[in-house]
Number of protein chains: 2
Amino acid sequence: MGRQPSAKPTSFDIAYLAGVSQPTVSRALRGSKSVSAATRANIQRIAQELNYTVDKNASSLRSQRTHTLALLFFEDPNPDESMINPFFLSMLGSITRECARRGYDLLISFQQMHNDWHVTYQDSHRSDGIILLGYGDYQLYLTKLEHLVEMGTKFVRWGSVSEDGIGLTVGSDNVGAGEQAGAHLVEIGRRRIAFLGDASDHAPEFQDRYDGLCRAMRAAALEPDPALQRDAVSSEDSGYAAARSLIESGRPFDAVFAASDLIAIGAMRALAEAGLRLPQDVAIIGFDDIPAASLTTPTLTTVMQDMKGAGTLLVDALLARIDDRPVEQRILPARLIRRRSTAV
Amino acid sequence: MGRQPSAKPTSFDIAYLAGVSQPTVSRALRGSKSVSAATRANIQRIAQELNYTVDKNASSLRSQRTHTLALLFFEDPNPDESMINPFFLSMLGSITRECARRGYDLLISFQQMHNDWHVTYQDSHRSDGIILLGYGDYQLYLTKLEHLVEMGTKFVRWGSVSEDGIGLTVGSDNVGAGEQAGAHLVEIGRRRIAFLGDASDHAPEFQDRYDGLCRAMRAAALEPDPALQRDAVSSEDSGYAAARSLIESGRPFDAVFAASDLIAIGAMRALAEAGLRLPQDVAIIGFDDIPAASLTTPTLTTVMQDMKGAGTLLVDALLARIDDRPVEQRILPARLIRRRSTAV
DNA sequence: CGCTATAGGGTATACGTATACGCATAATAT
DNA sequence: ATATTATGCGTATACGTATACCCTATAGCG
């Protein structure tokens, strides 16, 4: 049988050249210890020479393992299609790197919550597991998660840890972070602190941040004023609108805690337009520490989440779940970054 | 033969239920016209009921088509691992969406230029083609590209169009954009315009932007001063350093054209620290229109590239190349966004 | 009314790898 | 010296789909 130098080499080609059978090639390259060191070395040398690569599809089909993870982002339907929440992007960076480090490929997809991603990705054997990231219609989300659990799909999600029992969750210590932010505002003498961000159970993470704020206020013998809370999703426009509504209500406030930096940036614009001085009249704290936070005027005090740790933990947890190893929920610490918007 | 309701259904299961053979199921679901409408409808109904999904691995293995594209980012080795160039991220958004629209999966990977990505992805049948994006050691890059061409790998890359013949390139009209920027600076009365960004053939896109600037200056009977050019890669720190070097040289200048917004933001910091007023003493223009550009003080005049068009074009071009359809290089227009940093 | 064309679908097989088993040879135990 | 176990590898086959090829029943056609 002549060699076909143009075609991509297969394990059979290597077997032929090494004078062994195809399964031995497979065993040698996968590191099975039932192949002698000499044979393995020879096979590896030939594979190298031929520039051989294992065919991912054949390998996955046979072993039922793809060595690929899927990352699904959910977004609120967004008019500007090329705009992505910078926080997610930061997460993306750490996840891709962690996958690479573990030798996993990463499949990525942006989704609207209402789509049938739970059908598309639950099998078809595209990936061994799914990482879920994003905000959206929370009730709908939970429904779909239950579906995933039923189907036995392996997944982890980023979110508020332990607010329910569905699936495996990794997230920041939102309550603690909210508490830090609140304590800082109290410490600089603020008494009437507004909160911008959904405080319904629609967005549990935002709710947690609000809870943390309230806890810090009560610890200082202050009672949070529900009228100073405004719903907002994570976008500049939404933050702007929420701050406008707050200003127009006429109710006095001397600080704002925004549930995300995007909200904070929008709010700063509204506050500045209303002639309020930052931070003298109103101090403001954001959340996420996106790159833009150090560029605003004044620079924005915010809460930095441990992105690198998040990527590592998400991937770790998912791989554990895939291998049916025990794995517990994990909470990551967050850290307050003090900048000019709270410098009195 | 009993049904195994727990196992994932295969085309054999459907065939059995529909009373046809497995190949007929395959044909029906793939839209072959040698299946009667009635049979097809029946098969589709059953597939739906069983929640059947085609096994991607088996399908790809047999058909030798993965319906997956790979997106490779190159970065300069970066100490901060979770930081990603925001421009790339914007591109990522439009590419993922375009892939989804075309029914392709997207595999994503960040790479250091020196890695063996050309070996890893050239086959193993992970994807049908590759999209290359990023900066780095340009000569090394070209070498690897030639390798890809030799191996018959299908790929497109984002970059400076037509500066060489290697592979298929899609990119912005960098020369035209540089010209717009230059013309604008001249129009507001600037005469001594500095350029921050690699002007070697190391980074052809930056070179093109510089060429455009020079062309605009010469059109206004001004001779560009080579001493006012400083090398910089696309990062804040690099821009800061370049601007410092410029200031310390003592050579007078009244405007800066930065090859990217990140460079511009770093430069603005250096200029402000040196007590120079923006834009009165020094006007400045960036490139990319990243979100942060509208948050700087003063807000940054910049050049906006057509990201959405870029994603579409890259994917289009790659799919054409994969199908061996003819496809020509394409250049995308860019647009100057005027903000306060050039408002006199 | 025989003859070819066509629709509709079955049979067999290939895609390239991984793994359950079996079978020698050699090493060790009894 | 025989029984026992481990080592190193070959044989056979499965993973689930797509496609080349073949076959049958009609319809069309003169």
Query - Closest approach of Val149(A) to Gly167(A) (non-hydrogen atoms, all atoms of both residues) - result: CG2-N, 4.3 Å
Query raised in the report: Just how far, in rounded Å, is C1' of dA14(C) from CG of Leu61(A)?
Result: 12 Å
Requested in this report: Report yes if the side chains of Val327(B) and Asp316(B) come closer than 4.5 Å at any heavy-atom pair, otherwise no.
Outcome: no
Query raised in the report: What is the distance, rounded to the nearest whole Å, between atom CG of Asn57(A) and atom C1' of dA18(D)?
Result: 13 Å
Query raised in the report: Rounded to the nearest 0.5 Å, how far does OG1 of Thr66(B) lie from CG of Leu61(B)?
Result: 12.0 Å
Report task. Kindly say if Tyr52(A) contacts the phosphate of dG16(C), meaning a side-chain N or O under 4.0 Å from OP1 or OP2. Result -> no
Report task. Report yes if at least one side-chain N or O of Thr39(A) is closer than 4.0 Å to OP1 or OP2 of dC9(D); otherwise report no. Result -> yes
**Report entry** From Leu92(A) atom CG to Leu106(A) atom CG, the distance as rounded to the nearest 0.5 Å
**Finding:** 7.0 Å
Report task. Round to a whole Å and report the spacing from CG of Asn42(A) to C1' of dC9(D). Result -> 15 Å
Report task. Quick one: do Lys56(B) and Asp105(B) satisfy salt bridge (Lys or Arg N to Asp or Glu O under 4.0 Å)? Show the steps, please. Result -> CA-CA 11 Å; Lys56(B) 192 88 186 296; Asp105(B) 284 338; 3.0 Å; yes
Report task. Considering non-hydrogen atoms only, spot the tightest contact between Arg27(B) and Arg40(B) and give its length. Result -> O-NH1, 4.2 Å
Query raised in the report: Heavy-atom distance under 4.5 Å between the side chains of Ile166(B) and Glu146(B), does that happen here?
Result: yes
Query raised in the report: According to a strict under-4.0 Å criterion, is Gln64(B) in side-chain N/O contact with OP1 or OP2 of dG16(C)?
Result: yes
Report summary line: Whole-Å distance, Ile43(B) CD1 to dG9(C) C1', equals 10 Å
Query - Of residues 18-37 of chain B, the positions that come close to DNA chain D - non-hydrogen atoms, cut-off under 4.0 Å - result: Gln22(B), Pro23(B), Ser26(B), Arg27(B), Arg30(B)
Query raised in the report: OP1, OP2 of dG16(D) versus side-chain N and O of Thr10(B): anything below 4.0 Å?
Result: no
Report summary line: Rounded to whole Å, NZ of Lys56(A) lies from C1' of dC15(C) at a distance of 17 Å
Query raised in the report: Which whole-number value in Å describes the distance from Tyr16(A) OH to dG10(D) P?
Result: 15 Å
Report task. Please state whether the phosphate of dA18(C), meaning OP1 or OP2, lies under 4.0 angstrom from any side-chain nitrogen or oxygen of Ser63(A). Result -> no
Query raised in the report: What's the CZ-P distance between Arg126(B) and dT17(C), to the nearest Å?
Result: 13 Å
**Report entry** Spacing of His125(A) atom NE2 relative to dA14(D) atom P, expressed in whole Å
**Finding:** 18 Å
